[in-house]
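What follows is a short report on a single structure.
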2 protein chains.
Amino acid sequence: MARDTLTRDQIVSAAIELLDADGIDGLSMRRLGHRLGSAATAVYWHVEDKDNLVGLAADELWGEVDLPDLDQVDWRTAATSMAAGMHAMLGHHPWLMQALSNHPVYGRGKARYDDHALAVFEKAGFVEAAADQASATVFVFVLGCALGPAAEFSLTRRLSRDKGKPEQHLADVAAQATEIAAQFPRLRQRLPAFDGASYSAVPDNTFEYGLAAILDGFESRLGRPAPPQAPLSHERGH
Amino acid sequence: MARDTLTRDQIVSAAIELLDADGIDGLSMRRLGHRLGSAATAVYWHVEDKDNLVGLAADELWGEVDLPDLDQVDWRTAATSMAAGMHAMLGHHPWLMQALSNHPVYGRGKARYDDHALAVFEKAGFVEAAADQASATVFVFVLGCALGPAAEFSLTRRLSRDKGKPEQHLADVAAQATEIAAQFPRLRQRLPAFDGASYSAVPDNTFEYGLAAILDGFESRLGRPAPPQAPLSHERGH
DNA sequence: ATCAGACTTGCACACCGTTCAAGAGGCGAG
DNA sequence: CTCGCCTCTTGAACGGTGTGCAAGTCTGAT
């Protein structure tokens, strides 16, 4: 074995560092190679693809979320803890949302998380498919929570690359905001961030609020047998 | 005014067609120019940026979601209808998730949707910030639901570009799946799609199920005064 | 000492978003 | 009619990207 030979793990963790620092656009194979002290194309021996690489990176991070001990806590705190862990993880690595929207992640780390989540809802008393659905519901909710911040992060990174742009962008957003405020008085009244800065329809504590609401819904559902429900139409009428 | 001059609207709708057909990687300025019968760079006179362009496209689509008449239906059906409209829209344009994770969308169309959603939850009886939070909760949930399909779409598009890859990818996924199934028996038992194809932890009807659960949670919340709730820690302990 | 294989390298290709100076075309003023 | 202006388009060019490929280097076993 050559003295200085690359490792898949080395590559992945270097990639994660680059991704955390500069977002998904900041990771180029050449930069990664430079970081590793190797030629850019050396990576291709250990990893099939760039997509594959960020997939590995993503799965690595899934594996690092710590999981609650189900014998120690009730299902609701367990679920809350798992959601919080995932939420925090997505917050620390905003590029993940871009990665996940580009390429599905199947991997050991992700499976580990899913498995534990399933166990939580089985413990709660959900039977069969209901456990899958309940688990997926909070999973999907947490993902959605991460989207806004991820977009903001990505935008900020991009703006800070060419300086001078930020203030022009702020001006654009402010103009947009006042135009919108004029047309939709309810929005102006509600969203305090409407005078300039950034306007987001998602308040900061949506995660806590929404998660609590979802778990409330689960509890009320566990009390009574599940009512039959017709699927909604996914097609827009016109 | 020159006879054949480009319009912002022309550009945006052409961009949407390209995006729908080939995903976000399939939209290149040169292809767009070709489609419009112009040079690639002509677009830059009407639009600042590529990011800007897909932002406009996204907002256009927000504007096309049809909104329920709040005088005709109760709040729960209204909320369900709005969520379904958004869900369908995201399903028809899978590239949107990638766009949204890359660049926040502020625009008239989005504002219109947000405003109406707010009205729904005001009608439901949510007061002040609670309306924002409730609205944001289902918003964020629907976004999360769209992530998986979006990723799948993007992957499929990419695979079908270079042929021969698809079957190799399927083989990889299948191998991965059996390895995972061996390690996590609970997952194998639960997820039927584990024998090959694609493995997703999110069942098909998660949208209907989760939405109903969320709205259940809202109803139980509307019944009693909101309990005080401490914010969860966003930091991982270590 | 030799040979096979594991790994690395540099070059090359095709494509990308974007800039910019130069050009073309219609329109109002003279 | 014609001139100049302003709006809009163009083609070339730049620096960057992911990746394929033939050639090279190093290491450990024979």
Side-chain angles (χ1 to χ4, degrees), chain A residues 1-12 14-15 18-19 22-57 95 98-99 102-103 154-155 157-165 168-169, chain B residues 1-12 14-15 18-19 22-57 95 98-99 102-103 154-155 157-165 168-169:
Chain A
M1 179 100 74
R3 179 65 155 186
D4 47 352
T5 249
L6 290 178
T7 311
R8 223 170 138 108
D9 289 343
Q10 269 177 41
I11 294 178
V12 168
L18 251 45
L19 286 164
D22 299 318
I24 215 160
D25 296 328
L27 174 69
S28 81
M29 298 311 254
R30 294 183 227 264
R31 281 222 318 144
L32 180 59
H34 181 76
R35 168 81 149 212
L36 292 164
S38 307
T41 52
V43 175
Y44 282 88
W45 200 91
H46 303 271
V47 154
E48 184 173 0
D49 224 270
K50 185 184 177 180
D51 282 325
N52 221 284
L53 173 59
V54 328
L56 267 68
W95 51 270
Q98 280 169 267
N102 192 256
H103 194 88
S154 166
L155 176 64
R157 271 275 152 270
R158 211 170 324 127
L159 286 179
S160 71
R161 199 142 43 213
D162 335 85
K163 59 186 166 191
K165 289 275 173 129
Q168 198 229 320
H169 172 76
Chain B
M1 180 98 73
R3 182 63 154 184
D4 48 352
T5 248
L6 290 178
T7 311
R8 223 171 138 107
D9 289 344
Q10 268 178 40
I11 295 177
V12 168
L18 251 47
L19 286 164
D22 299 317
I24 216 161
D25 296 328
L27 174 68
S28 81
M29 298 311 254
R30 294 183 229 262
R31 280 221 321 142
L32 180 60
H34 182 75
R35 167 81 150 212
L36 291 165
S38 307
T41 53
V43 174
Y44 281 88
W45 198 92
H46 304 270
V47 154
E48 184 173 359
D49 224 84
K50 185 185 176 179
D51 283 324
N52 221 284
L53 173 59
V54 326
L56 264 64
W95 50 271
Q98 280 170 269
N102 194 256
H103 193 89
S154 166
L155 175 64
R157 272 275 152 269
R158 211 169 325 125
L159 285 180
S160 70
R161 198 143 43 214
D162 335 87
K163 58 186 166 188
K165 289 276 173 127
Q168 198 231 319
H169 172 75

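Source: prediction; values computed, not measured.
- Scored by the side chain to side chain contact (heavy atoms under 4.5 Å, CB included) test, B/A42 finds B/L6, B/S38 as partners (sequence neighbours excluded).
- Every residue meeting the side chain to side chain contact (heavy atoms under 4.5 Å, CB included) condition with A/A57, not counting sequence neighbours, appears here in chain and number order: A/V12, A/I16, A/L19, A/W95.
- Partners of A/R31 by side-chain hydrogen bond (donor to acceptor under 3.5 Å, both in side chains), not counting sequence neighbours, listed by chain and number: A/D22.
- A heavy atom closer than 4.0 Å to some atom of DNA chain C occurs in A/R30, these being the qualifying members of residues 24-32 of chain A.
- Atom pair B/R161:CZ and D/dT19:P shows a separation of 11 Å (rounding to whole Å applied).
- When rounded to the nearest whole Å, the span between CG of A/N52 and P of D/dG18 equals 15 Å.
- Residues passing the salt bridge (charged side-chain N to carboxylate O under 4.0 Å, His left out) test with A/R35, sequence neighbours excluded: A/E17.
- With sequence neighbours left out, the side-chain hydrogen bond (donor to acceptor under 3.5 Å, both in side chains) criterion links B/E48 to no other residue.
- Helix-axis bend for the helix from C/dA1-D/dT30 to C/dG30-D/dC1: the local axis fitted to the five terminal pairs at one end deviates from that at the other end by 20°, rounded to 10°.
- Residues satisfying the salt bridge (charged side-chain N to carboxylate O under 4.0 Å, His left out) criterion with A/D51, sequence neighbours excluded, are B/R158.
- Scanning both residues, A/R157 and A/G23, for their nearest heavy atoms gives CD-N, 4.4 Å.
- Rounded to an integer number of Å, the gap from A/H34 NE2 to C/dT8 P is 17 Å.
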**Message:** Test side-chain contact (heavy atoms from CB on, under 4.5 Å) on B/L27 and B/K50; report intermediate values, then the result.
**Reply:** CA-CA 9 Å; B/L27 174 68; B/K50 185 185 176 179; 4.2 Å; yes

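- With rounding to whole Å, B/R8 atom CZ is found 16 Å from D/dT7 atom P.
- Of all the residues in residues 38-50 of chain B, B/T41, B/Y44, B/D49, B/K50 reach under 4.0 Å from DNA chain C with at least one non-hydrogen atom.
- Applying the side-chain hydrogen bond (donor to acceptor under 3.5 Å, both in side chains) criterion to B/R8, with sequence neighbours excluded, gives no partner residue.
- Under the side-chain hydrogen bond (donor to acceptor under 3.5 Å, both in side chains) criterion, A/N52 pairs with no residue, sequence neighbours left out.
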